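Quantities reported herein were computed from a predicted structural model and do not represent experimental measurements.
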Amino acid sequence: MGPGQNPISSKNGAVIGAGASGLITARELHREGQTVVVFEREKKVGGLWIYSPKSESDPLGLDPTRPIVHSSVYESLRTNLPRECMGFRDFPFVPCVDDFSRDSRRYPSHREVPAYLQDFAREFKIEEMVRFETEVVRVEPVDGKWRVRSKNSDDLSEDEIFDAVVVCSGHYTEPYVAHIPGIKSWPGKQIHSHNYRVPGPFKNEVVVVIGNFASGADISRDVAKVAKEVHIASRGSEASTYEKLSVPTDNLWIHSEIETACDDGSIVFKNGKAVHADTVVYCTGYKYKFPFLETNGYMSIDDNRVEPLYKHVFPPAVAPGLSFVGLPGMGIQLVMFEIQSKWVAAVLSGRVTLPAPEKMMEDLIASYAMLEALGIPKRHTHKLGKIQSNYLDWVAEVCGCQLVEPWRTQLVDRGYGRLVSNPENYRDEWDDDDLIKEAYEDFASKKLISFLPSYFPKSGR
């Protein structure tokens with residue numbers, strides 16, 4: 001990189017969160033010579049993948065005083081990507097065929113992911129760095145360092161000073177609720193997918209599900225098992241869309257967006273159809289929120305854009321003492337966490353230098369201008385979409401680590417293609433055996449697995 005400066009040479013770092021991003025960040029910081037403390041509010045590692053049957057008192061998650069349940073996992077959830085592309089690159093997410101308590105399916109249950117993360121934490125001795133049941137309540141700069149205030153399970157607070165803080169707290173806790181005209185006077189029930197767990201409460205109801213991607217496709221079909229009718233409102237569908245979907249329950253329809261909600265209990269779609277609904281389920285995503293972070297007004301969240309952030313990681317004026325791992329939304333999440341954390345660790349050790357703050361701001365302003373020119377809304381700033389591979393390769397080159405394997409991105413692309421074209425069966429029917437074989441051969445060539453399996457996961461087709 002060109003001339004720049006690192007304001008600090010960090011020796012002790014705080015990592016907020018012991019989910020996937022926090023675990024890999026702790027490992028990479030430790031590898032670069034850092035003393036690391038990981039703060040985790042739960043009793044074990046796993047982050048957002050730790051299932052809780054509890055949901056919040058406010059089903060929409062809008063009440064700022066509500067006790068927050070951090071999990072958004074529902075009981076029936078299986079991964080929406082194949083396991084070969086999900087794992088960290090030197091610790092592949094392969095089936096534990098000798099342990100019958102584990103889920104060996106290619107798209108396993110949500111319980112398999114925290115089990116994998118716990119295996120990873122034990123393998124690299126990360127658990128000994130973690131303070132469990134300890135929540136970070138404030139992070140603020142002080143004399144060139146960072147003060148972290150935490151609170152343990154006994155409600156006792158402690159202030160500590162760190163050279164650097166890496167925020168790995170995730171962004172699937174604060175619901176984004178789409179605006180529907182007339183909804184304030186609509187008399188039915190409303191819930192965000194964050195608080196959805198099981199379909200039982202929707203028995204014999206007419207349910208409208210807003211959103212038709214991963215969680216929307218899942219929850220609509222889960223609810224259809226017990227509901228009278230389920231109607232999906234899909235923003236990506238043409239205004240005239242009205243189709244009865246071929247599902248075993250024969251009670252699922254897809255529509256265009258909602259036009260309005262009426263005080264007689266009806267929901268009117270832009271296709272002109274209307275249904276009298278009992279419940280609306282919002283599968284409309286999440287908002288970024290970091291209530292513990294105090295930067296004297298330097299950082300803000302505007303229309304779900306966390307700013308200013310150079311390459312979604314470093315706030316220029318306070319970098320590298322403060323950084324974020326895991327903000328962008330993309331398919332190969334764990335590999336993104338790994339590559340971003342390697343960059344953060346390399347910068348904090350002094351091995352890699354950031355550009356000067358003004359250069360980072362210039363780059364950031366130019367990226368904002370490009371998004372605007374392309375017509376991409378501000379709220380989608382951290383959704384990388386088709387440029388995710390270019391982004392990760394850029395970061396990998398900067399910090400001198402391996403580029404993303406082509407088979408991995410191809411698995412993601414084909415997996416999402418199946419999700420869209422065959423949402424009922426995409427987890428059990430696939431057409432990418434060539435990529436499965438390439439992935440396992442890659443693992444074997446790097447000695448990440450002890451032998452090449454005699455068979456690969458078989459499609460259910």
Side-chain angles (χ1 to χ4, degrees), residues 21 80-81 167 170-181 192-193 210-217 232-239 241 256-258 270 282-290 298-316 319 323-333 335-337 339-340 343 355 358-398 404 408-410 412-417 419-421:
S21 60
N80 60 22
L81 285 172
V167 179
H171 48 87
Y172 294 98
T173 293
E174 191 70 18
Y176 169 74
V177 177
H179 172 67
I180 300 174
H192 189 275
S193 61
I210 303 176
N212 193 34
F213 195 54
S215 63
I232 301 171
S234 174
R235 185 176 60 185
S237 299
E238 295 183 2
T241 298
S256 52
E257 286 185 278
I258 293 174
K270 289 189 175 179
Y282 295 81
C283 299
T284 48
Y286 295 85
K287 298 183 290 186
Y288 295 100
K289 189 174 182 181
F290 308 100
Y298 176 64
M299 294 197 69
S300 63
I301 301 175
D302 181 14
D303 196 13
N304 221 31
R305 172 191 284 171
V306 184
E307 55 187 11
L309 272 186
Y310 175 65
K311 305 299 185 186
H312 309 278
V313 175
F314 292 107
S323 58
F324 295 75
V325 168
L327 253 64
M330 61 170 62
I332 41 179
Q333 287 285 97
V335 171
M336 177 191 72
F337 301 159
I339 292 175
Q340 286 184 327
W343 187 24
E358 59 270 20
K359 293 294 183 183
M360 288 191 275
M361 283 303 303
E362 287 177 11
D363 181 278
L364 190 56
I365 291 168
S367 71
Y368 290 166
M370 183 176 67
L371 291 175
E372 186 174 358
L374 293 172
I376 297 174
K378 181 183 288 189
R379 67 180 182 276
H380 292 165
T381 296
H382 303 296
K383 291 186 177 181
L384 299 186
K386 294 180 179 179
I387 68 166
Q388 65 175 356
S389 292
N390 292 337
Y391 168 78
L392 290 178
D393 284 346
W394 183 91
V395 178
E397 287 179 350
V398 165
V404 178
R408 199 179 293 269
T409 54
Q410 290 171 38
V412 172
D413 291 343
R414 288 207 215 172
Y416 279 151
L419 188 160
V420 172
S421 64

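The 12-atom threshold is not exceeded at CD of E238, counting heavy atoms of other residues, nucleotides or ligands nearer than 6.0 Å.
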Q.
The test is side-chain contact (heavy atoms from CB on, under 4.5 Å); show your working for I339 and V404 and say whether it passes.
A. CA-CA 9 Å; I339 292 175; V404 178; 3.8 Å; yes
Q: Decide side-chain contact (heavy atoms from CB on, under 4.5 Å) for K270 and T241; before the verdict, give the C-alpha distance in whole Å, the side-chain angles of both, and the deciding distance to 0.1 Å.
A: CA-CA 9 Å; K270 289 189 175 179; T241 298; over 6 Å; no
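Put simply, the side chain of S193 never gets that close to the backbone of C283: no donor and acceptor are under 3.5 Å apart.
Classification of the F290-F324 ring pair by plane angle, with boundaries at 30° and 60°, yields perpendicular.
Remark: R305 qualifies as a cation-pi partner of Y368 under the 6.0 Å distance and 45° angle criteria applied to the six-membered ring.
Shown here are the salt bridge (charged side-chain N to carboxylate O under 4.0 Å, His left out) partners of K378, two or more places apart in sequence or in another chain: D302.
Taken from OH in Y176 to NE2 in H192, the straight-line distance is 9.5 Å, to the nearest 0.5 Å. Interatomic distance, OG1 of T284 versus CD1 of I180, reported as 8.5 Å (0.5 Å rounding). In this structure, CD on E397 lies 12.5 Å from CH2 on W343, to the nearest 0.5 angstrom. To the nearest 0.5 angstrom, R235 atom CZ is 11.5 Å from N212 atom CG. Here T381 contributes atom OG1 and E372 contributes atom CD; the two are 10.5 Å apart, rounded to the nearest 0.5 Å. Here the CD-NZ distance, from E174 to K287, works out to 5.5 Å after rounding to the nearest 0.5 Å.
Between N304 and Y286 there is no side-chain heavy-atom pair separated by less than 4.5 Å. Annotation: side chain of E362 is not in contact with side chain of P355 (no heavy-atom distance under 4.5 Å). Using a 4.5 Å heavy-atom threshold, the side chains of V313 and V395 count as separate. In this structure the side chain of V306 never reaches within 4.5 angstrom of the side chain of H312, judged on heavy atoms. Between L364 and Y310 the shortest side-chain heavy-atom distance does not fall below 4.5 Å. Looking only at side-chain heavy atoms (C-beta outward), M336 and Q333 come within less than 4.5 Å of each other. At a threshold of 4.5 Å between non-hydrogen side-chain atoms, the residues Q340 and L327 do not count as touching. Using a 4.5 Å cut-off on side-chain heavy atoms (C-beta onward), P315 and Y298 make contact.
When all heavy atoms are compared, the tightest approach of M361 to P308 is SD-CB, 3.9 Å.
Less than 6.0 angstrom separates the ring centroid of H171 from the ring centroid of Y288.
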